[in-house]
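One-based numbering along the sequence shown. Counting convention: from 1, in listed order, for ligands and their atoms alike.
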Amino acid sequence: MKGTAGAFVDPPVGRGLVGCGSTRGRAPIEPKPNDVRPPDPSRPPVTDDTARIAGVEAVPDDSTLLFTVRDPDGEPTEALLTRLGDGTVVAYRNVCPHWTDVPLDRGEGALVRNGEVVCQKHGATFQLDTGYCDFGPCQGSTLGTLDVRVEDGAVLLAEEGYRFDHLGGHGADSNGTAGGRIDFTGS
Ligand code: FES
């Protein structure tokens, strides 16, 4: 978690002699550096429940892992994790850009084929490493991303203002039967 600015910084003290009292017979006040505590290597990494999504080993490289986050307004939003060939973990929003009420992962893992995630509604394919759609009715679009990072074997949510809620989908919208549809114009 981010610390509060200055949380470990004492105010400057001893910056010269202050006031009008006599200093005769007293040792001069030595300026002290600010008491900035160095990082404690024994402290555990950030793995609180609002950030930790899953262990890296739980993220498949031949499918996806569905999870739900809360956006800055507290609204649930679905996303998916997948692992690239080099071990990098990436996260995308669980929405097909063609019809935005169609999830790529319906809770059982999205179809991944030849390094691409496939929308099973109309067959659009998205490159796993970039989210770029290189085939299908929304060709040229890109999946929305969520920032994640791996720390000590855990995938942590790093998207500003978002917090992890739970693994899996969040309800009716996860089966592709609710929500609105917009046509993709390619622009
Ligand atoms: S809804 Fe995904 S390709 Fe049409």
Is the backbone of [Y] close enough, under 3.5 Å, to the side chain of [X] for a donor and an acceptor to pair up by distance?
X: Tyr162; Y: Leu157; value: no
X: Thr82; Y: Ser63; value: yes
X: Glu78; Y: His170; value: yes
X: Asp71; Y: Asp73; value: yes
X: Tyr92; Y: Thr142; value: no

May I ask you to list the atoms of ligand 1 that are less than 4.0 angstrom from any heavy atom of [X]?
X: Pro137; result: 3 (S)
X: Lys121; result: 1 (S)
X: Trp99; result: 1 (S)

Any N/O/S atom, side chain or main chain, of Cys96 closer to atom 4 (Fe) of ligand 1 than 2.8 Å? no
Tell me, which N, O or S atom in His98 is closest to atom 4 (Fe) of ligand 1? ND1
Measure from atom 4 (Fe) of ligand 1 to every N/O/S atom of His122 and report the name of the nearest one.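 Relative to atom 4 (Fe) of ligand 1, the closest nitrogen, oxygen or sulfur of His122 carries the name ND1.
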Is Leu65 linked to Leu84 within one hydrophobic cluster, defined over Ile, Leu, Val, Met, Phe, Trp and Tyr using a side-chain heavy-atom separation of less than 4.5 Å?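 Each belongs to a different hydrophobic cluster.
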Strictly under 2.8 Å, is atom 2 (Fe) of ligand 1 approached by any N, O or S atom of Cys119? yes
Between Cys138 and atom 2 (Fe) of ligand 1, is there a contact where an N/O/S atom of the residue lies under 2.8 Å from the metal?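 It does not; every qualifying atom lies at 2.8 Å or beyond.
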